[in-house]
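In what follows, every heavy atom counts, from backbone to side chain, and hydrogens, waters and symmetry copies are set aside.
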Protein chains: 2
Amino acid sequence: MSQGSTDPQGIVGFAAHDHSACTRAALALAEETCAEKGLSFTPVRRRTLEILLESHVALGAYDVLARLAEDGFGSKPPVAYRALGFLMDNGLAHRIERLNAFVACAHPGAAHDPAFFICRKCGAVAEAQGVTPLDASADAAGFAVEKTTIEAEGLCPLCREEAA
Amino acid sequence: MSQGSTDPQGIVGFAAHDHSACTRAALALAEETCAEKGLSFTPVRRRTLEILLESHVALGAYDVLARLAEDGFGSKPPVAYRALGFLMDNGLAHRIERLNAFVACAHPGAAHDPAFFICRKCGAVAEAQGVTPLDASADAAGFAVEKTTIEAEGLCPLCREEAA
DNA sequence: CGGGGGTTGTGATATTATAACATACGCGTT
DNA sequence: AACGCGTATGTTATAATATCACAACCCCCG
Ligand SMILES: [Zn+2]
Ligand SMILES: [Zn+2]
Ligand SMILES: [Zn+2]
Ligand SMILES: [Zn+2]
């Protein structure tokens with residue numbers, strides 16, 4: 001629960017930031033993580049992550065696939081789904097259920113139980129950490145939580161301003 | 001385990017209960033709600049709700065469709081999707097995003113911001129109310145939440161026992 | 001050299017969802 | 001009764017999302 005008021009690195013995605021640094025850091029960390037775990041961070045996988053990292057917007061599997069195909073990789077669905085699966089299995093990307101779409105993880109490496117804020121206007125997706133609010137309810141029900149999906153749709157700060 | 005805790009109107013779905021009463025009540029309430037709001041609770045719509053109410057398990061749109069077709073209603077996807085859409089629009093059913101499936105609402109009428117517990121073994125889905133944990137994070141980020149999707153997957157009390 | 005595991009590629013197919021249009025029905029007006 | 005109108009239902013067709021099954025490849029190791 002390190003969710004302070006000022007979110008030092010709490011919620012990424014809406015705030016203005018040096019995105020090329022953000023991207024480079026994520027790729028470096030992915031590289032490192034895979035090396036440590038003995039996973040092969042192959043060209044398709046790397047390129048897939050790069051594509052997701054281009055913006056903090058969720059992409060459909062077929063969008064990713066089209067981009068991969070442009071770059072000379074295979075053009076059939078399993079190519080994209082496998083790469084995305086690899087990234088998700090290893091905490092480098094997440095699936096946004098409401099959108100049937102995928103985003104790069106904004107807190108790779110960190111322990112994960114992500115929650116997402118999705119702007120319905122501009123499509124930006126921000127990832128928050130450490131929101132695990134179900135425990136009380138779950139305990140009361142005798143339910144053993146294994147995975148959570150927590151997604152909020154609404155308006156991001158910028159789109160909110162525009163609307164006003 | 002606090003399994004026996006009697007959850008007055010907390011979590012419905014896992015606890016043993018008089019399900020035929022549960023079903024009748026839900027149908028009666030739906031009837032009433034529609035009457036009040038001037039909505040037509042037509043045969044397909046009613047039958048769709050009945051089908052969802054048969055168990056506290058989420059059904060795919062095509063499962064529902066097959067059941068409707070058996071009963072003499074149309075057999076093409078829009079028939080099911082429209083009925084399900086009506087029920088969702090009017091707070092009588094919910095979509096479970098993780099499963100691309102639908103359940104009858106367990107707290108119809110009540111103000112709604114539902115959270116779901118989904119048993120990965122038996123498929124039971126329980127609906128909890130009033131879990132709105134994102135507000136703090138959202139405010140900090142300047143995000144205006146409009147809708148939330150909160151779903152937890154795990155083991156329900158019964159399947160948990162079996163596993164032990 | 002000869003496997004064997006992991007990775008990539010492809011064709012085929014399954015599953016989920018919507019668009020577009022036609023028909024039917026209830027209902028108030030003429 | 002006849003008409004116009006809105007809502008609901010039904011059908012055809014197609015879109016969007018996802019997985020299966022199998023072949024080819026590549027790299028490392030024995
Ligand atoms: Zn960035
Ligand atoms: Zn993450
Ligand atoms: Zn926005
Ligand atoms: Zn019940």
Solution key, residues 138-146 of chain B side-chain donor-acceptor pairs under 3.5 Å, sequence neighbours excluded:
residue  : atom : partner  : partner atom : Å
B:Glu146 : OE1  : A:Arg120 : NE           : 2.7
B:Glu146 : OE2  : A:Arg120 : NE           : 3.4
B:Glu146 : OE2  : A:Arg120 : NH2          : 2.8

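Rounded to an integer number of Å, the gap from CG of A:Leu84 to C1' of D:dA18 is 12 Å. When the C1' atom of D:dT19 is taken as reference, atom CG of A:Asn100 falls 14 Å away, rounded to whole Å. Atom-to-atom, CZ of A:Arg95 to C1' of C:dT16 comes out at 11 Å; the value is rounded to the nearest Å. B:Lys76 places its NZ atom 18 Å from the P atom of C:dA20, with the value rounded to the nearest Å. Taking atom CZ on A:Phe73 and atom P on C:dT7, their separation rounds to 15 Å, with Å as the unit. Rounded to whole Å, atom C1' of D:dT9 lies 16 Å from atom CZ of B:Phe41. As a whole-Å value, the separation of A:Phe102 CZ from D:dA18 C1' is 9 Å. A:Arg98 places its CZ atom 16 Å from the P atom of D:dT17, with the value rounded to the nearest Å.
Of the side-chain N and O atoms in B:Arg47, none sit less than 4.0 angstrom from OP1 or OP2 of D:dT9. Within the 4.0 Å cut-off from OP1 or OP2 of D:dA18, at least one side-chain nitrogen or oxygen of A:Tyr81 is found.
A heavy atom lying under 4.0 Å from DNA chain C marks the following residues of residues 57-66 of chain B, by number: B:Tyr62.
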Identify each atom pair where a protein N or O and an N or O of nucleotides 6-8 of chain D are less than 3.5 Å apart, giving names and distance.
residue : atom : partner : partner atom : Å
D:dA8   : OP1  : B:Ser40 : OG           : 3.0
D:dA8   : OP1  : B:Arg45 : NH1          : 3.4

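Atom CZ of B:Phe117 sits about 11.5 Å away from atom CD of B:Glu151, to the nearest 0.5 Å. Residue A:His107 holds its NE2 atom at 4.0 Å from CD of A:Gln129, rounded to the nearest 0.5 Å. Here the CZ atom belonging to A:Arg45 is positioned 4.5 Å from the OG1 atom belonging to A:Thr42, to the nearest 0.5 angstrom. Rounding to the nearest 0.5 Å gives a distance of 10.5 Å between CG of A:Leu53 and OG1 of A:Thr48.
B:His112 and B:His94 have tilted rings, their planes meeting at an angle from 30° to 60° on a 0 to 90° scale.
Cation-pi geometry between B:Arg46 and B:Phe41 is not met at under 6.0 angstrom from the ring centre and within 45 degrees of the axis.
For the pair B:Cys119/B:Glu153, no side-chain contact is recorded, criterion being any heavy-atom separation below 4.5 Å from C-beta on. Here the side chains of B:Arg160 and B:Lys121 are not in contact, with every heavy-atom distance at 4.5 Å or above.
A donor N or O paired with an acceptor N or O is not found under 3.5 Å between the base of C:dG6 and the side-chain atoms of A:Arg82.
The nucleotide whose nearest atom lies closest to any side-chain atom of B:Pro77 is, among D:dT11, D:dA18, D:dA13, D:dA13.
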